[in-house]
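What follows is a set of notes on a single structure, which appears directly below.
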Amino acid sequence: MKKKFSILFVFVMALTLLAACGSNNNNAPANEPAPAAPNNGANEGASGNDNGEPAVIKVFMSGGAKFPDGQDINNNPWTEMLEEENNVDLQIEYGPAAPDEFMNKLTLKFASNDIPDLFVIPGSSQGWLMQNAELGALMELDGKVDNFENLKNAVYPNAWEAAKYNGKMYAIPVLNDGNKGTSNLYIRQDWLDKLNLDVPATLDEYVNVAKAFRDQDPDGNGKNDTYGMIAYDSMLGWSHLFGAFGVIPGYWIEKDGALVQSDVQPEMKEALAFISNLYKEKLLDNEWPITKVAAFHEKVANNQAGVYEGSWAAPRNEINTSKQNDPNAQWVKIAPPKGPNGDSGVFGGAEYKTFAVISSQAQNVDAILGMLDWMALPENIDKFVFGFGELGEGFMYDMVDGKYALNFENHNLYGYRQQLMFMQPKELNTKKMESLGADFDLVGSINHSTEYVIPSQYVGAPTPAMVEHLSTLDKLRAETFTKIIVGELPVDAFDDFVEEYNSKGGEAIAAEVQEWHAGR
Amino acid sequence: MNRKGLRTAWRPDWILYLFLLPGVLYFIVFKYLPMYGIIIAFQDYSPFKGVSGSDFVGLKHFIRFFEDDEFITVFRNTLLISFYKLAFGFPVPILIALMLNEVRKSWFKRTAQTLFYIPHFFSWVIFGGIVIQALSSKGMINSIITLFGGDPILFMAEKEYFRSILVISDIIKESGWASIIYLAAISGVNPSLYEAARMDGAKKRHEIFYITLPSISSTIIILFILQLGNILELGVQQVFMLYNPLVYEVGDIIDTYVYRVGLTEQKYSFATAVGLFQATVGLILIYVANGLAKRFSGGGLW
């Protein structure tokens, strides 16, 4: 039988893209080559060094930043400065911005034998690192780094572990901007004062404060619209409640000389029992399992919450908004409350954000390591953050009351320059933190957080059993812990969970971690 | 047509047949050649070793999937949610198309159509956020409930509601867009049929039931068969945006499972094996449905 089908789709789509990034003042100095390098070599790259031709380095880096007119990643004052200072010839390929896409492209480049000498991959790509190390695609760095003191110093000893395969180093971990800082417990001092309360030091005091914040109308608007404790769907985001019992979900802690998984410790059961009680008394926001982090921050910004755990950068973000919404708001960071056994703390982060990796086929390894070594010095990295020569003071930053203050217009316009920082010094860049806004006291915030972090004691790459089982175990934990907290499961269900956890791969993982621990 | 005829029949019209070439090439290059990649479902594939260099492991990944404790849960959830979406979601675009077709005021029709289409263009990230917001304790729905003296319900955290939320939000988001194809089919119905019916004294409802619906029935059947083919592939986005640990046991589907186990841990072979399983089930269902359609209504996909 015949069918006649005629379907006509007509789309009239008018897309208007408004590019609203026209700069009104002239940025002439930026478009000229920077006269900063000590040797005023006239020819680009081929400076007056005696060592001869600059070493060619093929770099693959993640992209995404915009460039002012006439500039690109290979042709801009910062790349040129980097080349001149180190007598290298950088041939940079600007890859995709999204980590997944970047890694796909990188894998593709390896498959098609178009292999970059140096590339920087996200810290989450440890699995990739290990696979490639196994295949011999990466330069083994043991012994090679020793000649570069600054570079060696710029990495925490623990962080090297993350880049090791069979005990050998295959990458250089690059530190976070905020160094070891993660989160802080912030509290409204003005609310405490109003209700005649002291800063809580123990869990009991903390619970009392939360009760008062919820019930005694701390914002004085006559409405019952304030929260006790707030939380959201990621348990690490309110880790201080677990930290008070000395455990952090998913973290490895040291106990009697052995590394154990927090998730299956009796302390975790205590923590869950405690938090579950908070939930039952509605001291903990009952909507937390379905609250996303943005909604969580909104409660702070809208001044509905008086105490919460937030990132070290919060004074610049939601706390800043809160102060704009309520000029009386006075936020202070406090020590996480101490639990029954005197434990306290917040989750510690990884000690690196990315890995700088050198391919096994790279020719100029010493030139690459030399460049990274140069970047590992604070005074050199500042040339990126604060510019240099004409691009420095008065352009990228100003001195206000003796403190650095970034010129945010140029800071954003030349945002790509910070992507060129393939390495970071170990020292916290206090000048940079200050320049983002002296009032925010980000340095204090980072240091405060660092003081209380509980780091995971397992810092190696994922073990084979982790690769096999971790996703299942993570889901099991999230499901069980959430249900225990909201009372859908009794606290004693924790015991069954431990059994299931161990039988579904937890034991295998623990054995591998133990082996790793013994070998250190 | 006999074989000899087939061999010579194209000759006079070879230029016309040439027009087929780009389409055929497209299918060969983008649909058939990539099927070669299915091989990795039977390998321990490593991107660095390539398809030819990876070890062959037979049905290992399929067996792992079927033996996984989570298999029963995700398979049941996928089937149930798919079934609900089909049962409740499939007729809605037809109803919308029928109703829009009867609207006489063209300004109203156009406005309504636009409003129906808009949600389709939002990603689930945005639309999911709207759904979560609307169902939160201070959201729209709960405001209405409390207005009438009820207690707020945490819809997103309750197992009983989760699948209904998936189905209803999917209907709201996609039905308008899906109605386009029916509207197009309806506009192809010969107007003289309606005139003749009116002469015979047919009312509006008679026109709908005896002319419009029978005229578009082949479209409906074809779309239904095609939908059946996707019964195990719900897409990862919607559920991923909406679910949380409290509803894992009713909301976790094959796609989210593969996302969790396969892709975040770079188990390409495993993900491919599950994908192949979904596609195979889909293909079988399409065949069965097509056969049934041909037997009972005389028309199918082919």
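Naming: A, B, ... by sequence-line order, numbering from 1 per chain.
For Lys294(B), no part lies under 4.5 angstrom from a heavy atom of chain A. When heavy atoms are compared at a cutoff of 4.5 Å, Gln133(B) does not approach chain A at all. Proximity to chain A involves both the backbone and the side chain of Ser136(B), based on heavy atoms less than 4.5 angstrom apart. The part of Lys504(A) that comes within reach of chain B is its side chain, from C-beta onward, which places non-hydrogen atoms under 4.5 angstrom from that chain.
A donor-acceptor pair under 3.5 Å links the side-chain atoms of Thr463(A) to the main chain of Met466(A), judged by distance alone. With hydrogens and angles ignored, the 3.5 Å screen pairs a side-chain donor or acceptor of Asn325(A) with a backbone N or O of Ala301(A). At least one donor-acceptor pair closer than 3.5 Å links the side chain of Asn142(B) to the backbone N or O of Ile153(B). At least one donor-acceptor pair under 3.5 Å links the side chain of Arg214(A) to the backbone N or O of Lys282(A).
The greatest number of non-hydrogen atom pairs below 4.5 Å with chain A, out of Leu246(B), Asn244(B), Asp252(B), is found for Leu246(B).
Within 6.0 Å of CD in Glu499(A) there are 12 or fewer heavy atoms belonging to other residues, nucleotides or ligands.
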